[in-house]
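Here is the structure we will look at.
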Amino acid sequence: MHITLQPAFILHHRSYRETSLLLDVLTQEHGRISLIARGVRTNRSTTRSLLQPFRPLVISWQGKTELMTLRTVEPLGIPIALHGECLLSGFYLNELLMRLVQKHDPHPQLYTIYHSTLLELQQTRLEQKYLRLFEKKLLDELGYGLQLQQTIPDGKAFQADQLYRFYPDRGFECCESSESQSEGALFSGKSLLALATEQLEDEESLRDIKRLMRIAFGVLLGPQPLHSRRLFTGVITE
């Protein structure tokens, strides 16, 4: 296999032997792949500075096994500069992709969603809605999208003044209004409608959807915690 001039982002890199790097890469047309960047840790290498997260690249690679060899790399536009909580959020997105996206499974739309979200994070203050919308779209791309059009089992439309219980394997069921919304799996119809229309503008909806995404992704991620969550103390992503 010899692939040339493919738009890509580095999700993660680590040292390999004395002079090389192992790369986890998200590509536009070939999904997530693993590459060896040989010799880039030598003093003479001009490539290593390009192999950083959040930098749009064009890469070429070749190989026959799951671990292939990076051949060329070039910058594609201006690096995306993330700072503070927005930088930590970028690492959170990268870890979700590495944990949940299967290798060699093409997701061209997910690549576009990821790129757009990074651009939205280029600001001095984190806006939580960008993380929640990325999570929603990631679930859709993985085939685990939330059923936000109708309830189970009756197929009724969501009502803003109703409460709904979330079942990860089935969807949302209407609940009695007397039940306490403080329970982990109960959510207001107002918040679910805001997520369905991608209009997460108020704090109550953002808190609700943050709880919802923790439940939904908890099923997919299993008991192993995300390392990116250890970098901060609950300000984002939990």
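- Using a 3.5 Å distance cut-off with no hydrogens or angles, the side chains of D202 and S205 do pair a donor with an acceptor.
- One N or O on the side chain of Y164 and one on the backbone of Q159 form a donor-acceptor pair closer than 3.5 Å.
- Grouping the Ile, Leu, Val, Met, Phe, Trp and Tyr side chains by contacts below 4.5 angstrom, directly or via other members, places I3 with L35.
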Residues Y130, Q123; criterion side-chain contact (heavy atoms from CB on, under 4.5 Å); working and verdict: CA-CA 12 Å; Y130 298 129; Q123 48 192 309; 3.2 Å; yes
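- Looking only at atom types and distance, the side chain of S191 has a donor-acceptor partner in the side chain of S188 under 3.5 Å away.
- Atom CZ of R41 has more than 12 neighbouring heavy atoms from other residues, nucleotides or ligands inside a 6.0 Å radius.
- Counting only N and O atoms by type, the side chains of Q62 and T69 include no donor and acceptor under 3.5 Å apart.
- Across R99 and L221, no two heavy atoms sit closer than the pair NH2-O, 3.0 Å.
- No continuous path of ILVMFWY side-chain contacts below 4.5 Å connects L57 to F9, so the two sit in separate hydrophobic clusters.
- Using a 4.5 Å cut-off between side-chain heavy atoms of Ile, Leu, Val, Met, Phe, Trp and Tyr, with links allowed through other members, I10 and I80 fall into different hydrophobic clusters.
- The only member of V25, L5, L51, T72 that meets side chain to side chain contact (heavy atoms under 4.5 Å, CB included) when paired with I59 is V25.
- Hydrophobic clustering keeps L76 apart from L26 (ILVMFWY residues linked when any side-chain heavy atoms are closer than 4.5 Å, directly or through intermediates).
- For the pair M213/L195, a side-chain contact is recorded, criterion being any heavy-atom separation below 4.5 Å from C-beta on.
- Defined by atom type and a distance below 3.5 Å, a donor-acceptor pair is missing between the side-chain atoms of Y114 and E141.
- S60 and T4 form no side-chain donor-acceptor contact under 3.5 Å, judged by distance and modelled atom types alone.
- In this structure a side-chain-to-backbone donor-acceptor pair under 3.5 Å is missing from Q149 to A157.
- Both F172 and L200 are part of a single hydrophobic cluster, where members link through side-chain heavy atoms under 4.5 Å apart.
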